[in-house]
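Presented below is the structure to which this report refers.
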Amino acid sequence: MFKKIPGTKDILPEESYSWQNLENIGRKIFSCYNYQEIRLPLIEEASLFDRTLGISSEIVQKQMFLVRHGKNLFALRPEGTAPIVRAYLENNLDKTVKFIKLYYLGPMFRLERPQKGRLRQFHHLGCEVIGSTDPYVDVEIISLADNLLKNFSINGYEIKINSLGCKQDKERWAEILRRQLTPHANRLCADCKVRIKKNVLRILDCKKPGCREMVRGLDLKKESYLCPDCLMHFGKVKEGLDLLKINYKVTPHLVRGLDYYTRTVFEITHTDLGSQDALGAGGRYDNLAQELGGPQIGAMGFAFGMERLLLVSRCKDINASSKNLVYVIPLEEEAKKQALRLLDNLRKQEITADMDYENKSLKGAMRKANDLGAKFVVIIGEDELKKDVVTLKDMVLGQQRQVKRQDLILNIKKQISNRLI
Ligand code: HAM
């Protein structure tokens with residue numbers, strides 16, 4: 001028997017309702033903030049990610065799902081930001097609309113070692129605002145992330161923010177770090193020994209206890225590396241967040257695993273997630289369009305990992321039983337014809353309806369209706385056929401009565417609307 005690839009998931013119907021719920025809430029909130037949906041291919045040229053995420057980033061080094069086709073090297077997208085900027089430039093949005101607010105939902109692929117909250121195919125729910133360097137965009141995006149979490153009934157999370165500064169600031173910061181770390185390089189882990197030369201900022205993000213301890217001892221005052229413009233930008237972001245009463249923590253050690261970030265970066269963590277504790281993350285990437293051959297253009301975004309949201313969300317407790325399902329039980333062949341017509345009529349009135357196709361006994365079919373969370377059961381047996389009626393059972397009130405066949409839909413609608421009052 002075939003088995004799924006480790007790190008992938010089958011989302012069965014009992015779970016897919018929670019997914020839809022999360023997606024629907026997400027779409028509603030994004031639309032409130034005037035974001036539009038963008039849907040892009042799952043496969044891109046691999047070099048798009050080398051160029052933007054950074055050749056020394058973990059994703060490019062170790063986690064790309066590559067597909068070779070002749071001379072071409074494609075990659076299953078490991079994230080959504082670089083493809084969105086690619087699409088923005090390719091479709092000339094930099095010359096037409098210029099400023100755009102986009103959201104997206106969909107699968108991403110990273111060849112990681114699977115564990116709780118870490119998959120090889122996972123899903124992002126994210127957004128990107130392209131075309132502005134205004135710090136209030138940063139504020140909108142962080143507050144949008146916060147609002148999404150509230151609407152997903154998630155609490156107990158922490159929003160950590162930091163500023164990496166502009167390209168020159170990042171270089172200055174890297175130099176400061178290199179100077180402080182080099183004398184103690186022998187105490188760093190093997191990966192960080194390489195990072196000191198190639199990507200020293202990533203050492204701040206290393207999870208190894210020895211490296212963490214050394215990083216904690218560093219002197220990381222913003223003033224020492226942020227230029228006046230970037231300091232002012234960060235000041236305005238914090239001011240805006242305070243204005244909206246968003247809880248956040250300035251975390252000077254916060255860096256991101258992707259090279260394209262500049263200025264504001266943020267990460268939202270949740271203690272219930274264990275070692276993979278990031279629910280989502282994002283930041284500014286004001287040089288990314290330029291990296292891809294476009295103009296210098298301000299941009300910022302974030303992405304939540306949907307699997308991780310579902311691990312901590314209470315939305316998942318809401319299940320399909322909130323639907324007004326009408327379950328029809330025909331007890332003989334002639335009744336089945338009536339049931340078929342009845343289902344058709346109910347569905348045309350947009351009432352969710354289904355029937356017993358397994359030819360169960362009345363007792364078995366009632367148990368099934370219960371399991372499905374049906375709100376109404378319609379029984380059609382010999383007696384009902386003779387009298388031209390059906391038996392309507394209200395599963396919520398536990399009451400049952402016979403109603404004329406032609407009055408059934410009206411009766412059900414009345415009961416549903418009474419329940420809504
Ligand atoms: P990222 O931090 O790589 O950022 O991913 C965002 C979120 O995706 C993570 O915080 C986590 O919740 C989830 N995630 C990442 N990898 C996995 C995995 N292997 N299994 C399950 N969940 C995972 C980005 O991808 C950026 N594109 C975010 C962004 C948008 N920055 C600006 N705009």
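Ligands are counted one by one from 1 in listed order, and the atoms in each one are counted from 1 as well.
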Can you tell me how the ring of Y225 sits relative to the ring of W173, calling it parallel under 30°, perpendicular over 60° and tilted otherwise?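 If you compare the ring of Y225 with that of W173, the planes turn out parallel.
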Does a side chain donor of either [X] or [Y] reach within less than 3.5 Å of an acceptor in the other side chain?
X    : Y    : result
D205 : H253 : no
Y260 : T81  : yes
T271 : E158 : no
K116 : Q276 : no

Can we call the ring centroids of Y103 and Y35 under 6.0 Å apart?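 Between Y103 and Y35, the centre distance exceeds or equals 6.0 Å.
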Atom-level proximity to ligand 1, residues with heavy atom under 4.0 Å: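 For ligand 1, the contacting residues are E79, T81, Y104, R110, E112, G117, R118, L119, F122, H124, E128, R256, L258, Y260, Y261, A278, L279, G280, A281, G282, G283, Y285, G301, F302, A303, G305, R308.
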